[in-house]
Amino acid sequence: MILETVAQRRALLARSHTLAMVGASPTTTRPSYFVFSYLRTKGRMHIAAINPNAHDIDGVVAFPSLAAYAAVHGAPDIVDVFRRSSEAAAVTREAIAIGAKAIWYQYGVIDDVAIALADAAGLDVVVDRCIKVETARFDGGLSVGGLNSGLITSKRIAPPSRSN
Amino acid sequence: MNDHSFGFRTRALHAGTPPDPTTGARAMPIYLTSSFVFDSTEHAAELFALRTYGNIYSRIGNPTVAAFEERMASLEGGLGAVAFASGLAAQLAAVLCVAESGDHIVATASLYGGTVTQFTVTLKRMGIACTLVPGDDPRAIEAAILPNTKLVYTETIGNPTGNVADLEALANIAHAHGLPLVVDNTFASPALCRPIEFGADIVTHSATKFIGGHGTVIAGVLVESGKFPWGAGKHPLLSQPSPGYHDMNFAETFGEYALLMRARVEVLRDVGAALSPMNAFMLLQGLETLPLRMAAHVENARIVANFLRGRDEVSWVKYAELANSPYRTLAAKYLPLGAGAIFTFGLRGGREAGRAFIEALELWSHLANVGDGKSLVIHPASTTHQQLGDEEMLVSGVSPDMVRLSVGREDPSDLLWDLENGLRAATAAAAKSGATV
Ligand SMILES: Cc1ncc(COP(=O)(O)O)c(C=O)c1O
């Protein structure tokens with residue numbers, strides 16, 4: 001199912017425990033590195049990097065492929081795609097093959113074939129969103145930076161945790 | 001949490017201020033602290049490298065200030081906001097985010113006098129040229145755009161002449177040239193106009209005015225839509241490696257957040273014009289009642305404009321809602337709830353009549369501000385626009401007989417009573433000095 005609403009994205013993040021990030025970069029000025037390091041230090045999910053050209057990112061071992069990751073950790077709850085749109089379909093086929101529950105296409109990763117494949121295979125699908133921004137929307141991180149989280153609530157939001 | 005979209009009045013009360021995560025305090029606490037401890041050296045390093053969100057030092061960010069910023073972003077329909085110590089600091093930041101020495105900006109000419117001097121004197125000294133375009137023809141704006149132009153700037157309602165900008169036309173022209181449209185929305189406030197809905201990319205405010213609403217604090221804010229393609233190449237300050245941040249490329253690293261990030265971590269950090277948490281708290285209080293206050297301001301402004309229009313002592317009234325206003329159609333489109341509460345009129349009898357009028361007023365305060373709850377009056381030619389040369393003065397639409405009113409929220413009958421006394425004094429002064437009324 002394609003998740004289009006804020007509530008659906010929030011529920012996905014809340015129920016997910018493992019995330020494999022395809023295209024995570026060890027280069028510290030790359031957007032994928034920012035996202036990787038943010039999610040890792042936020043301590044919500046177990047985060048893994050999938051990058052055949054990297055040995056590790058900040059000491060976290062990088063797997064050469066989703067299959068290699070799955071052989072050790074099993075199917076991830078979310079596969080996060082930080083690849084060119086033209087490679088999205090191939091990544092999606094791998095994600096389906098290892099039994100990932102959801103696939104998340106980062107900003108600008110938009111490929112109709114990939115989306116249709118994932119949807120047909122029963123995965124939850126998020127398109128053209130940043131998983132760091134959506135995580136920060138719900139944990140108060142956006143608000144710290146004066147950014148519009150869109151949240152209106154009379155309930156207390158737990159202070160951001162930093163255990164990890 | 002669901003996907004309900006909340007209305008303007010709800011957001012004016014709630015946006016940016018869920019209960020305090022630490023104490024459960026329902027009102028926004030005033031975090032009056034210069035600095036914030038780090039959890040560890042690793043945490044500190046992540047914060048400084050911008051890889052995680054968090055507070056470091058209140059010149060760059062502060063929880064009370066952030067609550068104000070988020071509420072402003074919500075009310076303007078923007079992606080985020082950065083607050084500044086004043087309106088002038090916010091608009092300077094908007095320029096410095098995209099322009100450097102050797103660059104050029106284009107602005108409509110009918111602007112707040114302080115903005116005119118900021119653009120034509122201070123920016124010029126910094127090597128940023130500005131073309132002020134007189135009149136209201138968007139094609140003249142287009143003609144002023146040069147290869148090194150970085151932005152187009154206007155005021156929703158011009159100070160003091162009250163011209164209403166054709167925001168959609170200006171946005172289309174700016175975008176056709178790869179430029180952002182920056183709109184100073186001070187006179188309308190987001191309760192009356194949200195320029196981003198008409199294509200504006202950056203909105204600035206002198207929050208000193210209606211946002212604060214009580215004439216207490218000096219403050220400014222910059223809101224961004226998140227829709228402008230900062231990485232397209234026209235704005236190297238955002239799309240090239242920044243020496244101020246380990247050669248980070250803001251557009252590549254932060255995507256739609258590029259300008260907001262640069263506004264905070266480079267411009268605010270280095271210019272240093274930070275808003276105090278105490279003032280941010282005052283502004284949050286002000287915003288709670290913004291929609292209610294603006295409705296009351298508009299109601300009184302209409303009464304006062306109609307009163308003046310019917311007076312022999314008054315030669316003209318420029319309020320965009322009046323039948324004879326050239327801006328009536330634009331006001332109906334961009335300001336359907338009301339054309340604001342600040343407008344000008346001309347007094348017969350020249351300077352002497354003007355002086356007598358202002359001095360006879362008991363209730364209207366003679367001062368250089370607008371957007372207070374209290375009614376205000378000033379003679380721009382001898383005050384706010386006095387630094388301008390004759391030509392700039394004419395170009396910005398200020399004439400010697402012009403009186404500017406900022407209509408407050410008193411009982412309208414009291415406002416009219418006071419104006420009546422002022423007009424009587426003006427007539428007497430004009431008669432004495434031999435001028436005909
Ligand atoms: C339309 C407008 N923009 C900007 C400013 C400058 O704001 P501040 O005085 O908060 O720096 C003013 C102040 O009068 C104004 O009227």
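Residue numbers start from 1 in every chain, and the chains themselves are labelled A, B, ... in the order their sequence lines are given, proteins ahead of strands.
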_For the backbone of Thr253(B) and the side chain of Arg30(A), can you confirm whether one donor and one acceptor N or O come within less than 3.5 Å of each other?_
no

*Given the options His14(B), Glu252(B), Met248(B), which has more heavy-atom pairs under 4.5 Å with chain A than any of the others?*
Glu252(B)

*Can you tell which part of Arg264(B) gets under 4.5 Å to a heavy atom of chain A, answering side chain, backbone, both or neither?*
side chain

_Backbone N/O of Leu79(B) and side chain of Asn148(A): donor-acceptor pair under 3.5 Å_ = no

_Between Ser37(A) and Glu46(B), is the side-chain hydrogen bond (donor to acceptor under 3.5 Å, both in side chains) condition met? List the steps._
CA-CA 9 Å; Ser37(A) 94; Glu46(B) 281 163 23; 5.9 Å; no

*Winner by heavy-atom pair count (cut-off under 4.5 Å) against chain A, out of Gly255(B), Gly16(B), Gly24(B), Pro241(B)*: Gly24(B)

*Above 12 or not: heavy atoms from other molecules or residues under 6.0 Å from CG of Asp112(A)?*
no

*Just give me the residue among Glu69(B), Arg71(B), Glu70(B) that pairs up with chain A most often, heavy atom to heavy atom, under 4.5 Å.*
Glu70(B)

_Atom group of Thr64(B) that falls short of 4.5 Å from chain A, counting heavy atoms_ = neither

*asked:* Can you confirm whether Arg9(B) is buried at CZ, in the sense that more than 12 heavy atoms of other residues, nucleotides or ligands lie under 6.0 Å from that atom?
replied: no

*Measuring heavy-atom distances to chain A, does Phe254(B) have an atom under 4.5 Å in its side chain, in its backbone, in both, or in neither?*
side chain

*In terms of heavy-atom proximity below 4.5 Å to chain A, should Phe68(B) be classed as side chain, backbone, both, or neither?*
neither

*Given that the side chain runs from C-beta out, which part of Asp20(B) has a heavy atom under 4.5 Å from chain A: side chain, backbone, both or neither?*
backbone

*In terms of heavy-atom pairs under 4.5 Å with chain A, which of Leu260(B), Leu13(B), Val65(B), Leu50(B) leads?*
Leu50(B)

*Residue selection (most heavy-atom pairs with chain A, distance under 4.5 Å) from Glu224(B), Glu256(B), Met261(B)*: Glu256(B)

